[in-house]
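Have a look at the structure below before the remarks.
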Amino acid sequence: LAVALLLVIAAVVVRPIARRSQLVGDQLVDINQSASAFLTERIGAARLVRLARTEQNEISEMRARCDKVARNEVVLVRNGCRTASIIETIAMLCGMSLLYLGGSVLGLELATVGMILAILLRQVPIAREFIITRQAILANIPAIARTAALFREMEAAAESAGGEIRPAAL
């Protein structure tokens, strides 16, 4: 029961951070698509870039795009660290509350409270990893959704194998 309570409290408290991770994941997809398109165009027009002597501008532009990606990746890592820290704090508060409530209010023996605390503390890393993994999945959902949309577009644009549709005029 204490572990379930820990999971519920942690999930509610960490929800804004998870939402932020999903937004950052969406921004990362946009930035990566933009950088890929930019790089593809520039590689296709390499001679033109050299002739126009805009190599330094192109390099600066690509570096700026890569810096945006790096900053967003740092935000995702920072969100993961915040989540772990919040979960550990919540676990300690639950443990302290359990010590007080078990001894004072419920009248449990110290051995019983200690056993419950040991079980709770043993489950904290599992709960932490569960929530951090969920947050990482939320951060990757935009990329997965865009990839799935590309596959659907490719399937819709595929030509038929032939032979199924007969011209009405013949």
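Start at 1 with the first residue, then count along the sequence. The analysis underlying the following values was restricted to heavy atoms, covering all of them including side chains, and did not include hydrogens, waters or symmetry mates.
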Query - Distance-minimising heavy-atom pair for Ile87 and Arg128 - result: CD1-CA, 3.8 Å
Query raised in the report: How many angstroms lie between CE in Met96 and CG in Leu101, if you round to the nearest 0.5 Å?
Result: 13.0 Å
Query - Separation of Glu61 CD from Cys66 SG (nearest 0.5 Å) - result: 10.5 Å
**Report entry** Check: Cys81 main-chain N/O paired with Ser85 side-chain donor or acceptor under 3.5 Å
**Finding:** no
**Report entry** Closest heavy-atom pair and its distance - Gly25, Pro142
**Finding:** C-CG, 3.9 Å
Report task. Could you tell me whether the side chain of Met62 reaches within less than 4.5 Å of the side chain of Glu58, counting heavy atoms only? Result -> no
Query raised in the report: Is there a side-chain contact between Arg146 and Asp26 (heavy atoms, below 4.5 Å)?
Result: yes
Query raised in the report: Is the shortest heavy-atom distance from the side chain of Val75 to the side chain of Arg71 under 4.5 Å?
Result: no
Report summary line: Shortest non-hydrogen pair, Ala18 vs Gln135, comes out as CA-CG, 4.1 Å
Requested in this report: Say whether Leu138 and Val14 are linked into one hydrophobic cluster, either directly or through other cluster members, by side-chain heavy-atom distances under 4.5 angstrom.
Outcome: no
Query raised in the report: Taking it one step at a time, do Ile131 and Arg134 satisfy side-chain contact (heavy atoms from CB on, under 4.5 Å)?
Result: CA-CA 5 Å; Ile131 292 174; Arg134 180 181 176 274; 5.5 Å; no
Query raised in the report: Any chance CZ of Arg65 has more than 12 other-residue heavy atoms, nucleotides or ligands included, within less than 6.0 Å?
Result: yes
Query raised in the report: Does the side chain of Leu28 come within less than 4.5 Å of Leu76's, by heavy atoms?
Result: yes
Query raised in the report: Is it true that atom CG of Leu150 has more than 12 heavy atoms of other residues, nucleotides or ligands lying nearer than 6.0 Å?
Result: yes
Query raised in the report: Side chains of Ile126 and Gln123: does their closest heavy-atom pair fall under 4.5 Å?
Result: yes
Report summary line: The reported gap from CD1 in Ile17 to CZ in Arg82 (rounded to nearest 0.5 angstrom) is 6.5 Å
Query raised in the report: Mind checking whether Leu98 and Leu106 sit in one hydrophobic cluster, side chains of I, L, V, M, F, W, Y counted as touching below 4.5 Å?
Result: yes
**Report entry** Side-chain (Ser97) to main-chain (Leu93) donor-acceptor, under 3.5 angstrom
**Finding:** yes
Query - Cluster overlap Leu120 with Ile90, hydrophobic side-chain contacts below 4.5 Å - result: yes
Query raised in the report: Would the number of heavy atoms belonging to other residues, nucleotides or ligands and lying under 6.0 Å from OH of Tyr100 be above 12?
Result: no
Query raised in the report: When hydrophobic residues are tied together by side-chain contacts of less than 4.5 Å, even through go-betweens, does Ile9 share a cluster with Leu117?
Result: yes
Report task. Verify the cluster assignment for Leu23 and Ile132: are they in a single hydrophobic cluster under the rule of side-chain heavy atoms below 4.5 Å apart? Result -> no
